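Because the structure is a prediction, the values reported are computed rather than measured.
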Amino acid sequence: MKFVSYETAQGASYGIVRGDGVIDLKSHFGVHCPTLRDFIASADHDLTSVMRAAPDHQLAALWLLPPIPAPEKILCVGVNYADRNEEYKDDKPVPKYPSLFFRAPTSFVGSGEPLIRPRVSEQLDYEGEIALVIGKTATKISREDAHSYIFGLTLCNEGTIRDWLHHGKFNVTQGKNFDRSGSLGPWIVSADAIDFTQPLALQTKVNGQVRQSDDTSRLIFPFADLLAYITSFMTLNPGDIIVTGTPTGAGVRFTPPRFLKAGMWWR
């Protein structure tokens, strides 16, 4: 299934994509589950009768929000594809533990919404990534059980203001949290539709040109490893998002750099 959050004239809602339409779930479960995050956190719902209903909206007519509009945590992983460590040319070995940082929900927009490049910089870069959406409370879980805690996957453009990454000596927070500099969505593909034993392909295009292309077989820290490690020191809750890292090919790595400009489109 594909789950979306969206805005209509009547306010924010969420639903299931079916064909080119969307079945609204808030009208069925909204009393106890006003958002998709609440829906994920609640007990399992029987969607059998809901899926027989006619779509309430045309998908193309909706203003899509980030799939989880207000997650408790958005935790991002840096340098997690095989060649990314080599891009730094610092002769350091592959890291023993993942690099992690937080992003604020206000730094993301929904799919199809324009990103904003701040006036203070011309270095808005793209980073295509796969993001995990947590389905149930997870603390100190094993690698073997980790996939069972994933509600589903979504996509992320982990937009970055490159020159602001260097404002702090030990962190990248400033360059990663400008308002509306990244994007999440368009939807969450539920875990039951994904074979986690097979590699997942990831590709980023800018103005139709492929800039990034890789697959999850080349992750330094696969999904299960990330979840086992993160939950060794932190409890993850339903609706939390783990952004799992970007492949090589970001704009900053070209000579000269190829940052995003007004009028460009990406997917």
- Compute both the distance and the angle, then confirm whether Arg211 meets the cation-pi test with Phe254: under 6.0 Å from the six-membered ring centre, within 45 degrees of the axis. yes
- Under 4.5 Å between side-chain heavy atoms, hopping through other hydrophobics if needed: is there a path connecting Ile220 to Val77? yes
- Message: Counting the benzene-type ring for Trp, do Phe151 and Phe3 have ring centres under 6.0 Å apart?
- Response: yes
- Aromatic ring proximity, centroids under 6.0 angstrom, Trp63 and Tyr6: no
- Lys26 to Tyr14 six-membered ring, cation-pi geometry met (6.0 Å, 45°): no
- Would you kindly confirm whether Tyr229 and Phe196 end up in one hydrophobic cluster when ILVMFWY residues are joined by side chain heavy atoms under 4.5 Å apart? yes
- Message: Under a 3.5 Å cutoff, is there a donor and acceptor pairing between the side chains of Thr246 and Glu158?
- Response: no
- Query: Who pairs with Lys73 by side chain to side chain donor-acceptor pair (under 3.5 Å), at least two apart in sequence or on another chain?
  - Reply: Asp240
- Atom CD of Glu7: over 12 foreign heavy atoms under 6.0 Å: yes
- Check the pair Glu127 / Arg162 against salt bridge (Lys or Arg N to Asp or Glu O under 4.0 Å), numbers first and verdict last. CA-CA 11 Å; Glu127 293 189 11; Arg162 288 292 174 190; 2.7 Å; yes
- Message: Assigning hydrophobic clusters by single linkage (Ile, Leu, Val, Met, Phe, Trp, Tyr; side-chain heavy-atom cutoff under 4.5 Å), is Leu153 placed with Ile134?
- Response: yes
- Query: Can Arg258 and Asp125 be counted as an ion pair, charged N to O under 4.0 angstrom?
  - Reply: no
- Compute both the distance and the angle, then confirm whether Arg180 meets the cation-pi test with Phe108: under 6.0 Å from the six-membered ring centre, within 45 degrees of the axis. no
- Query: Heavy-atom distance under 4.5 Å between the side chains of Pro66 and Pro105, does that happen here?
  - Reply: no
